[in-house]
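Here is the structure we will look at, set down as structure tokens.
Here is the naming used below: chain letters follow the sequence lines, and residue numbers restart at 1 for every chain.
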Amino acid sequence: MKFLIINQNYPLEDYKAQETLDLALGLSTFEQEVSLLFIDKAILQLLKTQQPKLNYRKDFIATFKAFPIYDIKNVYFDEESFHKYHLKDDDLIITGTIINKEQTLRLIEKVNIVLSV
Amino acid sequence: MLHLISKILCEDILDHCIYIIKEQENSCLLLYQDAVYFTLQTSKYAHKLQQLSRKHKIYILETDLAARGILGKVLQIKNQIENVNYQQFVELTMQHEKIISW
């Protein structure tokens, strides 16, 4: 089954970002094909220099680096959001593909299940 | 009067807050938790915050900046927009008669 997980939350606001990450890893463990799309403020989840421990949270951000081990290769960033925060590939903890709205639509058509968080 | 913003409940929350702060001479603003994202130099509020800071001090909780990995990417103007630690946060709450949390 092909899954697309659309991330839309700040990293530390609540537990959504952390649980969505756990979900992606869990799905992959059960051999589902997982793609992730980060929209708007969710891109901030991937900033390299974060230290969740300072907010008494587990450093789940480091777990994004485990994607290759879990065979998660399809990571996408919404174009507008990427440019809104003036980010460079270097700022983020993992690499991904920047896609525009049209490509997003095509991506949604390609998968079986879309989970928007 | 001390205004505190911690969450970004709606995009316009800072607009409302700034509008009110401008009307009060001795008011200042403290941003913590996710509201610290407002102070990113690339944020659409950067200009408004800079203007506000000319007459009203703006404080940002440093721990929350570091937790979110954006230290060094936010507005800083000496004596206008400054980082504070928890101790200074508490001192601010003692200095002001009224505290409004948005």
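Checking side-chain atoms of D64(B) against main-chain N and O of Q33(B) turns up a donor-acceptor pair under 3.5 Å.
Using a 4.5 Å cut-off between heavy atoms, L12(A) touches chain B through backbone and side chain atoms alike. With a 4.5 angstrom heavy-atom cutoff, D91(A) touches chain B only via side-chain atoms. Neither the backbone nor the side chain of K44(B) comes within less than 4.5 Å of any heavy atom of chain A. Within the 4.5 angstrom heavy-atom criterion, no atom of K48(A) approaches chain B.
When each of I61(A), L54(A), D59(A) is checked for heavy-atom pairs under 4.5 Å with chain B, L54(A) comes out on top.
A distance of 5.0 Å separates NZ in K73(B) from OG1 in T49(A), rounded to the nearest 0.5 Å.
Taking the six-membered ring for Trp, Y85(A) and F82(A) have ring centres at least 6.0 Å apart. Taking the six-membered ring for Trp and the full ring otherwise, Y37(B) and Y10(A) have centroids separated by under 6.0 Å.
Checking Q51(B) against H56(B) by side-chain atom types alone, no donor-acceptor pair falls below 3.5 Å.
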